[in-house]
Structures are given as structure tokens and as C-alpha cells.
Amino acid sequence: MTTMYRITMGLILVALLAGTGAADTGTLTGIEPRPEAPPLELGDLDGREHTLGDYRGQVVVVNFWATWCPPCREELPSLQRLWDTLGPEGLVVLGVNVGEDADRIFFFTADYPVDFPLLLDRAANAIDTWPVRGIPTTFVIDPEGRIAYRAIGAREFDHPDIVERLRELRRTHSPEAAMPE
Amino acid sequence: MSWVVRSARGPARWPRCLALALLALAASLASASAGASGELQIHTDASSGLTTWTWQDRSLSLELAQLLPDQTRAFFQGRGFGSDHAELVASHCVFQAILRNRGQHAIEVALPHWSSHGPEGSAPPRTNRDWQAAWAQGEVADAARIAFRWALFPGEHHFEPGDWLMGMILFDLPPATPFELTLRWREAGETQEARLPDLSCAGEPSG
């Protein structure tokens, strides 16, 4: 393919994303009653194992994605900004890559640098235990390990409405909030 | 192509590209009515010749962007498919679809309830489930089969307000075939339907 051809195709992608209103994405769907989150036990790019139970007591954002998925790429920088903003307050972000190997993801992160853990679900076994039918799909897990929110399709995860919801989720589950007056 | 666009140009160049794309989009949008309450917009890119149809009503929008057989081949070969299997997919009518719930209620979408009406009759899109048996028989690598599954628009999905997904939709039609599409979805307990006339699969580029 020629460079011009690739640029043209890129413009089509941009027009597609612009046409869907991808930027207007500060919504999360609240899940009530909150179901227990399925298990998640995967290694990251550095070989470190993560389980969802490791993060009990914290709000966890679990994002299922792939490098070839345009909306996944679109929202990845906003997940990084969310991590930058709320990570110091205890929020955890886990990016679960579906079906790709570490080399491909490693090269991808040269263009899309992220600091939060990228977990490898190479055989797509983990995603099959979660209620996911399309990617990107993102879940917010409350400190008690339950699914509190879900987002299907890309979002701007550092949108003020989302940041506030996540902060509120942490506040309502903090030990201070649970103490009697 | 959109599915295989690499990020080597970097995010810093996107704003200019975005402006160009929006200008091109705004300059060449055409409208036509489709169904009782929806509107169909048609945009043909001057450079590529590829057409995108965007249908929307108060509750749902659907974009169908033509994919060239070459683009389909390249995407699936890049995901680990052999040339024969990639060719099999590329011999179908492939669109990049974006479906969005733009209303106030949840909607249910099931592709097997959609129908394409072409010269040879009517048929639903071919979903991932239809293909996986062939891939298992053809000894397609696991990584390729996983990518195929998640690259296709899901056969059935529940969309809450604000939810949207992008994925490929494959029709059992040869490239360059004209057809009409009937969409169906469930909203607030009722089945809704819309007809999109005068769609066309992308063909092999001439010359």
C-alpha cells in the first residue's frame, strides 16, 4: 500500500470515529444489583502475576482491548490520564489484552505509552468468563469485588463525570464511610 | 485501512487529520430518507471511492463503511490467517460497522434477525459462530481465530444508552453486489425495523 493510500484510510477511520461522537463519552452504566466480578488471574508484560483479589479494598477499572481495535486505541490515552489522576488516590487500572503476544503489545506501547499493568489473555480464556461480547468493554469493580459499572465502546475515561463517579465509589466504601456516627 | 492503520504517525498529527476528515465529511454528505423516522446519509470518499452509509433515528445509529477485499485480506493475514482463509473472507461483502445506542432506553441487537436482500434472495449476515467451525476444520491458528471472533461485530448484543461498538459485518454476497438491508432491534419490549436501500458491497478496485 502507498503512503497516500494509508493516509486516506486513516482519514476514513478518523471520520468514522468523529461521526459516532466518540468524544461524547462520559457515561457509565450502573449495574444493580452488583454481581461478584469473575476471577481474573493473568500475567503482565513484565511477567508479574495479577489477580483481582490482590486489589480487594480498591476501585479497579478492568478494560478488555486489542491493538488492532480502533476504539480501544482511541480510549487508551484517557485510561492513562485516569491512572495519572486517580492512581495516587488508590484507583487501579488493568488493561486486559485479548489474544495477542507480548512482543506485539510491547511494540504497540511505543506509540501508546501506558504505565498501568497490561495483562495478557493470550488464549482468550479470561475474557470468556466475563460478560463481554465486543471490545472494548470496561468494568469498574468496587472495593468489595463487585461489578459496579460497565461501559461498552470507547469512553473518555478522564471525563469529569467518570472521575467523579469513581471517586464517589471509593468514598462510599472507605472505612470512614462505614463507621457509625 | 482503518483496522490496520498503524500508529507510527503518532497522536500529534491527529488534530490536522481530524480537521481534514471532518471537512471532507461535511463537504460531501448527502441525505435520503429511509424508513418512517430514520435518516440515511451517504458519503463517498473522493480519494478512495469507498462509501459509508449512516442511518440514524432517535434511538440508534448505524454506520456501514465499505471495506475493499484487499483491506479484508490484509487485516486477516496480519492477524495470522493464511492466504486461502483470508481470501475466503475477502470474497464476501464486508463492512466496518459502528452501532450506537443514542436513545434513552436499552436496545437489543441480534444480527441473525437482520436481512440483506440481494439478487440471489435474502439472508442474515454471517456471524462469528457461522465461521468458527470452518476455522476449526481448516486448522486456523488460535490467535487468528481469536482475532476473527473479536473483530467481527457481535452476533447478539445489549446496548445501554451511550454504549456503542465497532466491528466487521460480513454478508453472504460477492464484492460489488448491490443490496438492501433490513435492520431489526428490540427497544422497550418492542421490535423496531428499518430498511436501508441501495447499499453496495465494495468491489475490487479497477485499473
Side-chain angles (χ1 to χ4, degrees), chain A residues 1 3-22 24-31 64-74 76-77 98-101 104 107-108 110-112 121-124 127 131-137 150-155, chain B residues 1-11 13-14 17-18 20-22 24-25 41 43 45 47-48 50 52 54 61 63 65 68 70-71 74-75 78-79 96 98-102 106 142-147 149-167:
Chain A
M1 285 191 284
T3 301
M4 184 55 71
Y5 183 79
R6 286 171 182 269
I7 291 171
T8 302
M9 292 303 114
L11 286 173
I12 290 171
L13 169 65
V14 172
L16 281 171
L17 289 174
T20 59
D24 181 24
T25 51
T27 59
L28 294 174
T29 298
I31 309 293
F64 290 92
W65 71 288
T67 63
W68 47 261
C69 157
C72 304
R73 294 198 302 256
E74 176 84 1
L76 211 50
V98 182
E100 299 180 284
D101 62 32
R104 189 182 287 265
F107 285 115
F108 172 82
D111 295 316
Y112 288 82
D121 186 18
R122 283 216 61 186
I127 193 172
V132 182
R133 289 191 176 164
I135 57 173
T137 294
R150 181 189 63 219
I152 295 169
R155 298 292 192 276
Chain B
M1 71 173 272
S2 54
W3 286 95
V4 292
V5 164
R6 300 293 179 198
S7 53
R9 290 171 196 86
R13 297 187 62 168
W14 280 73
C17 292
L18 180 64
L20 285 170
L22 290 174
L25 196 63
Q41 295 186 321
H43 166 242
D45 182 81
S47 304
S48 68
L50 293 174
T52 297
T54 305
S61 69
E63 293 189 19
L68 290 168
D70 263 355
Q71 295 173 307
F75 175 76
R79 308 272 78 75
Q96 175 101 282
I98 299 174
L99 191 148
R100 182 183 189 93
N101 181 350
R102 56 196 304 272
D142 285 349
R145 287 195 289 118
I146 292 167
R149 172 185 169 184
W150 293 103
L152 257 60
F153 200 89
E156 297 177 358
H157 212 292
H158 175 99
F159 293 84
E160 291 289 336
D163 283 347
W164 65 284
L165 277 178
M166 173 187 277

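Residue numbers start from 1 in every chain, and the chains themselves are labelled A, B, ... in the order their sequence lines are given, proteins ahead of strands. All heavy atoms count here, side chains included; hydrogens, waters and symmetry mates do not.
- Between atom CH2 of residue Trp150(B) and atom OG1 of residue Thr137(A) there is a gap of 7.5 Å, rounded to the nearest 0.5 Å.
- For the pair Phe153(B)/Arg133(A), no side-chain contact is recorded, criterion being any heavy-atom separation below 4.5 Å from C-beta on.
- Qualifying ring pair (Phe, Tyr, Trp, His ring centres under 6.0 Å) partners for Phe64(A), counting only residues two or more places apart in sequence or in other chains: Trp130(A).
- Closest of all the heavy-atom pairs between Trp164(B) and Pro71(A) is CH2-CB, 3.8 Å.
- Residues Gly99(A) and Ala143(B) share a closest heavy-atom pair of O-CB, 4.0 Å.
- Ala66(A) does not touch chain B: none of its heavy atoms, backbone or side chain, sits under 4.5 Å away.
- Of all heavy-atom pairs spanning Arg122(A) and Ile146(B), the tightest one is O-CD1, 3.3 Å.
- In this structure, chain B has no heavy atom under 4.5 Å from any part of Leu28(A).
- Shown here are the side chain to side chain contact (heavy atoms under 4.5 Å, CB included) partners of Arg149(B), two or more places apart in sequence or in another chain: Asp128(A), Asn128(B), Gln132(B).
- Rounding to the nearest 0.5 Å gives a distance of 11.5 Å between CD1 of Ile152(A) and CG of Leu99(B).
- Note that CZ of Arg150(A) is 5.5 Å distant from NE2 of His158(B), once rounded to the nearest 0.5 Å.
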